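See structure below.
Values below: all heavy atoms of this structure, side chains included; hydrogens, waters and symmetry mates excluded. In this text, all values refer to a predicted model and were calculated from it rather than measured experimentally. Quick note on labels: first sequence line is chain A, next is B, and so on, each numbered from 1.
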Amino acid sequence: MLDQKLIRENPSFVEDNLSLRGKVYDIDFIHKLSLKRKEIDIEISSLQSKSKKLSKIIGQEIRNTNNANSQELNELKDKGNKYKIKVSEFEEKKRILDKQLQDEISKLPNFPSKDAPLGENENNNIQIKEWGDPLKKDNLKAHWEIGENLNLFDSVKSTKISKSRFITLTGNGARLERALVNFMLDVHSNNGYLELMPPALVNSESLQGSGQLPKFSKESFKCANDDLWLSPTAEVPLTAFHKNEIIDPKILPLKYVAYSPCFRREAGSYGRDTKGLIRLHQFNKVELYWFCHPNKSLEAHKEITEDAESILKKLNLPYRSVDICTGDLGFSSSRTFDLEVWLPSSKCYREISSCSNCLDFQARRSSIRTKIDKKTSFIHTLNGSGLAIGRTMAAILENGQQPDGSVKIPDALVPYFGSSFIKTA
RNA sequence: GGAGAGGUGGCUGAGUGGUCGAAAGCGAACGACUCGAAAUCGUUUAAUAGGAAACUAUUCGUGGGUUCGAAUCCCACCCUCUCCGCCA
């Protein structure tokens, strides 16, 4: 959420910053609404002030004279009544304006950082780092072939249970998924993160608070009879964990790691990544999340990204990191570093983690603050996948595939998985 | 799902129609004492909107209503707790 005062007082600044995203945002309407709202607010405030003073006089008069029905008093009461009517008229107008303003402002995305590369779409993202040796042989199998050969998952049967884009992990596949979750949670919680296991269903307010609503309601699954949605990412419950709080600055930063299933409708991606583990309606993810002091989010952003990277390094998976350009940034983010893992079958890097600094954008929507020099200020929030489990599995299968059809398990994962290779039965 | 109790500041908790934005305590900040600390004493300490500030207004779960005036009375909703039922 952007600051309404900023929009009111400096609309062109707001428009300029938003336009870095490569789209035109019309602030004028909001600007005018806000000015009008302020005007009405001042009017109401002065009327209320008068009416309040009058009430006090009436109260005193009653106590002094012990008579609540003198003619003089009735005249004063009439006067009070007139104030009341006027105030309620203005308040009705204000309520309508507030609703409109809230609706419009909550549709505006965050400002892109000045450090983010300028650009319109993903083609303008900038690679900032490459790690490991990407495997570049021909005739490598895709992970869904490997998975089928080794009986790691079954997508056909899963359509009986649900529909396409759902998967059932079987045998070693399920075991590998579980091993990855435990491995990642252990690494992060040994590195100063507090582990949380949040609810998978979240209310509308929580989705609004982290930025998924109101604009992206079509991306999430909604429960029919309750104000509850299947959470698309643990970022949502983690943000809401401290909703409406003023956090003691001494305990900042708060660093959380959470495993959660994630549910996404993937509307508009028909026909893309229909095979395997890359794009599913339900997938598992280990998420990193920071609540930090507003002066420290830039360093925090580097740190959270490094923490996500550490998993790829430990698993010995080649990857690169990408600085997301202004036109490709997510709604709530001011700057994002994506980590992309090498998938040798398709000879390309695929996103496996997205590490974003949302500055005070989510904190403002969720009202999460701290005290700095006796003033309340919004904190900064950061999130990063550490990592998406399904895509990690895909990368392990493809990068670890052996000529005999087996898959080598990364050394760091062996104690969790219980074996160095996945072989045909 | 049935019955009952309750939602007040960072926290605990008093307050049932008028100087109540709210006692008291805890916590926190500053100061005094101290070589330093603890203890003690003193002062300060809710948020939001508007304003340079003085200040003004709003907020006691949420939304309505009664009243000149509502934390307090009335209605609806939400949430929490206890007991019963059901259930992993």
Side-chain angles (χ1 to χ4, degrees), chain A residues 1-10 30-102 104-106 197 199-209 223 225-229 237 240-252 254 261 291 293 360 363-379:
Chain A
M1 183 90 83
L2 301 179
D3 186 5
Q4 184 180 152
K5 193 173 177 181
L6 184 64
I7 298 174
R8 188 171 59 233
E9 292 177 353
N10 208 339
I30 300 176
H31 180 236
K32 284 189 179 129
L33 284 181
S34 187
L35 286 176
K36 202 165 173 193
R37 201 211 94 109
K38 186 179 161 186
E39 222 172 85
I40 287 176
D41 208 34
I42 291 169
E43 192 64 41
I44 289 176
S45 173
S46 97
L47 278 171
Q48 278 171 331
S49 176
K50 286 178 196 160
S51 141
K52 220 172 149 177
K53 277 175 193 140
L54 182 64
S55 292
K56 272 188 185 153
I57 293 169
I58 293 173
Q60 259 166 9
E61 208 48 34
I62 291 172
R63 245 171 300 134
N64 291 343
T65 61
N66 261 330
N67 179 1
N69 281 312
S70 69
Q71 198 196 338
E72 198 184 331
L73 268 177
N74 285 334
E75 277 169 19
L76 287 177
K77 285 183 187 177
D78 277 349
K79 205 174 164 191
N81 244 327
K82 277 174 191 146
Y83 282 135
K84 191 164 68 168
I85 291 163
K86 262 191 184 169
V87 167
S88 72
E89 278 169 11
F90 278 113
E91 275 190 329
E92 178 61 23
K93 283 184 194 165
K94 186 177 149 189
R95 211 171 308 143
I96 292 165
L97 280 173
D98 269 337
K99 172 98 177 47
Q100 271 183 307
L101 274 164
Q102 178 68 24
E104 292 301 322
I105 293 176
S106 61
M197 201 172 282
L201 298 194
V202 297
N203 60 36
S204 298
E205 201 182 272
S206 296
L207 281 167
Q208 161 78 26
C223 298
N225 297 321
D226 300 279
D227 177 32
L228 288 170
W229 306 65
F241 193 58
H242 287 293
K243 182 159 65 187
N244 297 328
E245 286 185 19
I246 297 175
I247 301 173
D248 184 345
K250 276 183 290 191
I251 62 168
L252 293 176
L254 291 167
F291 296 87
H293 190 285
D360 66 358
R364 198 182 293 276
R365 291 170 93 93
S366 302
S367 186
I368 307 171
R369 294 159 296 170
T370 189
K371 290 269 188 186
I372 300 170
D373 299 330
K374 294 185 178 172
K375 277 189 70 184
T376 46
S377 318
F378 291 105
I379 55 131

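Atom P of B/G25 sits at a distance of 11 Å from the matching atom of B/U43, rounded to the whole Å. Comparing the C1' positions of B/G27 and B/C33 gives an interatomic distance of 23 Å, to the nearest angstrom. As rounded to the nearest Å, B/C74 and B/U82 have P atoms that lie 27 Å from one another. B/G42 and B/U56 have their P atoms separated by 30 Å, given to the nearest Å. Taking atom C1' on both nucleotides, B/C79 is separated from B/A28 by 29 Å, rounded to a whole Å. Using P as the reference atom, B/U8 and B/A3 are 25 Å apart when rounded to the nearest Å. One P atom belongs to B/A22, the other to B/G10, and the distance between them is 15 Å to the nearest Å. Taking the C1' atom of each, B/C11 and B/G7 are spaced 15 Å apart, rounded to whole Å.
Between A/Met1 atom CE and B/U48 atom C1' the separation is 14 Å, expressed in whole Å. Nucleotide B/U48 holds its P atom 11 Å from the CZ atom of A/Arg364, rounded to whole Å. Between A/Ile58 atom CD1 and B/U19 atom P the separation is 14 Å, expressed in whole Å. A/Ile62 has its CD1 atom 12 Å from the P atom of B/U19, to the nearest Å. Atom NZ of A/Lys84 is separated from atom C1' of B/G69 by 9 Å (rounded to the nearest Å). Atom-to-atom, CG of A/Leu252 to P of B/G10 comes out at 16 Å; the value is rounded to the nearest Å. Here B/U48 presents its P atom at 12 Å from CG of A/Asp3, a figure rounded to the nearest Å. One can place CG of A/Asn244 at 14 Å from C1' of B/G10, the figure rounded to the nearest angstrom.
Listed for the A/Ser55 side chain is a donor-acceptor partner under 3.5 Å among the backbone atoms of A/Ser51.
Partners of A/Gln4 under the side chain to side chain donor-acceptor pair (under 3.5 Å) rule, at least two apart in sequence or in another chain, are A/Ser34. Residues passing the side chain to side chain donor-acceptor pair (under 3.5 Å) test with A/Asp41 are A/Arg37, A/Lys94, sequence neighbours excluded. By the ring pair (Phe, Tyr, Trp, His ring centres under 6.0 Å) test, A/His31 is found to be paired with no residue, residues two or more places apart in sequence or in another chain being considered. With sequence neighbours excluded, the residues satisfying side chain to side chain donor-acceptor pair (under 3.5 Å) with A/Ser206 are A/Asn203, A/Lys243. A/Arg364 pairs by the salt bridge (charged side-chain N to carboxylate O under 4.0 Å, His left out) definition with A/Asp3, A/Asp360, not counting sequence neighbours. In this view, A/Glu75 satisfies the salt bridge (charged side-chain N to carboxylate O under 4.0 Å, His left out) rule with no residue, not counting sequence neighbours. By the side chain to side chain donor-acceptor pair (under 3.5 Å) test, A/Lys99 is found to be paired with A/Asp103, residues two or more places apart in sequence or in another chain being considered.
Side-chain N/O atoms of A/Lys375 include none lying less than 4.0 angstrom from OP1 or OP2 on B/A29. Contact between the side-chain N/O atoms of A/Arg369 and the OP1/OP2 oxygens of B/U48 is found at a separation under 4.0 Å.
Taking 4.5 Å as the limit, some side-chain heavy atom of A/His293 sits within range of a side-chain heavy atom of A/Ile372.
Stretches of at least 3 consecutive Watson-Crick or G-U wobble pairs, with each checked distance under 3.5 Å, appear in RNA chain B as B:1-7 with B:78-84, B:10-12 with B:24-26, B:27-32 with B:40-45, B:46-50 with B:55-59, B:61-65 with B:73-77.
Both A/Asp78 and A/Thr376 lie close to RNA chain B; mapped to their nearest nucleotides by heavy-atom distance, the more 5′-ward contact belongs to A/Thr376. For the pair A/Phe378 and A/Leu76, both in contact range of RNA chain B, the more 5′-proximal nearest nucleotide belongs to A/Phe378.
When each of B/A28, B/U48, B/G18 is scored by its nearest atom to the side-chain atoms of A/Ser55, the top-ranked nucleotide is B/G18. For A/Asn81, whose side chain is taken as the heavy atoms from C-beta onward, the closest listed nucleotide among B/A28, B/A47, B/C68 is B/C68. Taking every side-chain heavy atom of A/Ile246 into account, B/G10 is the closest of B/G10, B/G69, B/U48.
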Taking only N/O atoms, report every protein-nucleotides 62-64 of chain B pair under 3.5 Å with atom names and distance.
| residue | atom | partner | partner atom | Å |
| --- | --- | --- | --- | --- |
| B/G64 | OP1 | A/Arg95 | NE | 3.2 |
| B/G64 | OP1 | A/Arg95 | NH1 | 3.4 |

Reading nucleotides 50-61 of chain B 5' to 3', which nucleotides get B (base under 4.0 Å from a protein heavy atom), which S (sugar-phosphate only), which -? SS----BSS---
Without placing hydrogens or testing angles, list every side-chain donor-acceptor pair under 3.5 Å for residues 79-91 of chain A, not counting sequence neighbours.
| residue | atom | partner | partner atom | Å |
| --- | --- | --- | --- | --- |
| A/Ser88 | OG | A/Ile85 | O | 2.9 |

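Taking a 6.0 Å sphere around CD of A/Glu9, one finds it holds more than 12 heavy atoms contributed by other residues, nucleotides or ligands.
Taking CG of A/Leu54 as the start and CD of A/Glu61 as the end, the distance is 11.0 Å to the nearest 0.5 Å.
Sequence neighbours left out, not one pair with a member in residues 47-56 of chain A passes salt bridge (charged side-chain N to carboxylate O under 4.0 Å, His left out).
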